[in-house]
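Working notes, beginning with the structure itself.
Side chains are part of it too, since the values below use all heavy atoms of this structure and drop only hydrogens, waters and symmetry mates.
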Amino acid sequence: MGRFQDKLVLITGASAGIGKVTAQEFVREGARVIGTGRNRERLDAVRDEIGAGKFVPIVADVADAGSMASMVTRIVGEVGLPDIVIANAGIGHDAHFVDTSEEAWRELFETNVFGVVRTVRPFVPGMIERGSGRVLLISSVVGKRGIPHYAAYSASKFALDGLADVLRVELVGTGVTLGTIYPSSTVSEFQDRTQRVGLERKPKRPKRHPTIKVARAILSMAGSRRPEMLLSFEGNFMAVVDKISPRLVDWILSRVLQRRKTELV
């Protein structure tokens, strides 16, 4: 008997990276997983790997309101109300503020913010009526403190922090709880798909989380009522110091940015 025996878990962005590994870990712990993504072939490959019946693939794009509405209808009608909803799907963008187009801003918010709303909001009323449920938002350490080259991405993740603050309080006494997870840089396909404009990132990036670490942190959060979890020492340190002395963090990040420019010359 696993920790999540017979629980129904919805994970968006489950065709690769953190979402896929998280789905595998939940199934190992006895859960049945509904995994969504935009690519049917990838989702089917995950189903074949995990096992039909344990992983239910549904093609849906969090950036498409119609697609998500169809997903909700199918889940509620054919599978059931999830016990745990994990808003994992997201995209990245690496560029100076002045190089970030309005189109890029809209794309980031459509996926990282409105996509989360489309994932979570349809299921909350049913969870409240049932008197139980757990909602998890997968954010980023840059949603606690913005860093250079991530203006739009940081802003989209800060938006999730505001959403989480409100929803945690609105859910008090309902039996439904919300938690937010803040990974730092993670070894996954997400980094390869991140849009980059201007300076290229150095090919080697130290202190990256293995995907399994993030997945296990998600399971830990799913089994608790904890409101948030930052996954790295550096992320925790930066968040704490930023509350005490934002100017000090500004100075540290400016030094890092200057060194990056020098190394790329």
Problem - Ion pair check, E78 and R74, cut-off under 4.0 Å - result: yes
Handout entry: From CA spacing to verdict: side chain to side chain contact (heavy atoms under 4.5 Å, CB included), V135, T119
Key = CA-CA 10 Å; V135 176; T119 299; over 6 Å; no
Practice task
Output yes when a side-chain donor or acceptor of K157 lies under 3.5 Å from a complementary backbone atom of I138, and no otherwise.
Solution key: yes
Handout entry: CG-CD distance between L178 and E170, expressed to the nearest 0.5 angstrom
Key = 11.0 Å
Problem - Electrostatic pair E25:R28 at N-O distance under 4.0 angstrom - result: yes
Practice task
Taking atom CD of E102 as the centre, report whether more than 12 heavy atoms of other residues, nucleotides or ligands fall under 6.0 Å from it.
Solution key: no
Practice task
Flag yes if more than 12 heavy atoms outside R121 fall under 6.0 Å of its CZ atom; otherwise flag no.
Solution key: no
Fill in the blank from the handout: Correct closest heavy-atom pair for D44 and P57 would be OD1-CG, 3.9 Å
Fill in the blank from the handout: Nearest heavy-atom contact between L136 and R134 is CD2-NE, 3.7 Å
Practice task
Look only at the side chain of S156 and the backbone of Y153, and say whether a donor-acceptor pair between them is shorter than 3.5 Å.
Solution key: yes
Exercise for the section: Taking the side chain as every heavy atom from C-beta outward, state whether P82 and F123 have any atom pair closer than 4.5 Å. Expected result: yes
Handout entry: Student check: side-chain heavy atoms of M127 and D83 closer than 4.5 Å
Key = no
Handout entry: Closest contact, heavy atoms only, L43 versus G35
Key = CD2-O, 3.7 Å
Practice task
To the nearest 0.5 Å, tell me how far T111 OG1 sits from R106 CZ.
Solution key: 13.5 Å
Problem - T22 vs V33 side-chain heavy atoms within contact, under 4.5 Å - result: no
Practice task
Answer yes if V62 and V56 sit in the same cluster of Ile, Leu, Val, Met, Phe, Trp and Tyr residues linked by side chain heavy atoms under 4.5 Å apart, and no otherwise.
Solution key: yes
Problem - Backbone of A104 reached by a side-chain donor or acceptor of S101 within 3.5 Å - result: yes
Problem - Expected output: side-chain K213 to main-chain L231 donor-acceptor under 3.5 Å - result: yes
Practice task
Determine yes or no for a side-chain-to-main-chain donor-acceptor pair under 3.5 angstrom, with R32 supplying the side chain and G53 the backbone.
Solution key: yes
Practice task
Return the minimal non-hydrogen interatomic distance between W105 and A155, and the atom names on each side.
Solution key: CZ3-CB, 3.7 Å
Completion exercise
All heavy atoms of M229 vs all of A217, minimum pair found to be SD-CB, 3.7 Å
Exercise for the section: For atom CZ of R40, decide whether the heavy atoms of other residues, nucleotides or ligands shown that lie under 6.0 angstrom number more than 12. Expected result: yes
Exercise for the section: Could you tell me whether the side chain of F26 reaches within less than 4.5 Å of the side chain of I86, counting heavy atoms only? Expected result: yes
Handout entry: Working for side chain to side chain contact (heavy atoms under 4.5 Å, CB included), residues T174 and V124
Key = CA-CA 10 Å; T174 66; V124 168; over 6 Å; no
Exercise for the section: Starting at OG1 of T36, measure out to CD1 of I58 and round the result to the nearest 0.5 Å. Expected result: 8.0 Å
Handout entry: V120 and L167, any side-chain heavy atoms less than 4.5 Å apart
Key = yes
Handout entry: Atom pair OG (S184) and CG (L230), whose distance is rounded to the nearest 0.5 Å
Key = 7.5 Å
Practice task
Please confirm whether the backbone N or O of F4 pairs with a side-chain atom of E29, one donor and one acceptor, at under 3.5 Å?
Solution key: no
Practice task
Decide, yes or no, whether a salt bridge links K144 with E228 under the criterion of side-chain N to carboxylate O below 4.0 Å.
Solution key: yes
Problem - Transitive ILVMFWY side-chain link I218 to I34, under 4.5 Å - result: no
Handout entry: Under-4.0 Å salt bridge between E110 and R118
Key = yes
Handout entry: ILVMFWY network linking V76 to L8, side-chain heavy atoms under 4.5 angstrom
Key = yes
Practice task
Would you check if T73 and I75 make a side-chain contact, meaning some heavy-atom pair closer than 4.5 Å?
Solution key: no
Practice task
May I ask whether V59 and M68 are part of the same hydrophobic cluster, defined by side-chain heavy atoms of I, L, V, M, F, W, Y residues being less than 4.5 angstrom apart, directly or through others?
Solution key: no
Problem - Under 3.5 Å: donor-acceptor pair, side chain of T12, backbone of A87 - result: no
Handout entry: Flag for R247-S245: side-chain donor and acceptor within less than 3.5 Å
Key = no
Exercise for the section: Assess whether side chain to side chain contact (heavy atoms under 4.5 Å, CB included) is satisfied between R216 and I212, documenting all intermediate values. Expected result: CA-CA 6 Å; R216 288 173 178 169; I212 188 66; 3.4 Å; yes
Handout entry: Distance in Å, D99 CG paired with H149 NE2, rounded so as to fall on 0.5 Å steps
Key = 8.5 Å
Exercise for the section: Answer yes or no: is there an ion pair linking K20 with E49, defined by an N-O contact shorter than 4.0 Å? Expected result: yes
Practice task
Considering only NZ, NE, NH1 and NH2 on the basic side and carboxylate oxygens on the acidic side, decide whether R38 and D64 come within less than 4.0 Å.
Solution key: no
Problem - Approximate separation, where rounding is to 0.5 Å, of I181 CD1 and S139 OG - result: 10.0 Å
Exercise for the section: Taking the side chain as every heavy atom from C-beta outward, state whether I18 and N88 have any atom pair closer than 4.5 Å. Expected result: yes
Practice task
Flag yes if M221 and V85 sit in one hydrophobic cluster, no otherwise; membership is Ile, Leu, Val, Met, Phe, Trp, Tyr, and two members link when side-chain heavy atoms are under 4.5 Å apart.
Solution key: no
Fill in the blank from the handout: Heavy-atom closest pair (A164 atom, T180 atom, distance to 0.1 Å) is CB-OG1, 3.5 Å
Handout entry: Atom CZ of F114 with >12 non-hydrogen neighbours under 6.0 angstrom
Key = no
Exercise for the section: Would you check if I84 and L10 make a side-chain contact, meaning some heavy-atom pair closer than 4.5 Å? Expected result: no
Practice task
Assess the side chains of T177 and R225: does a donor N or O sit below 3.5 Å from an acceptor N or O?
Solution key: no
Handout entry: Side-chain donor/acceptor of S67 to backbone N/O of D61, under 3.5 Å
Key = yes
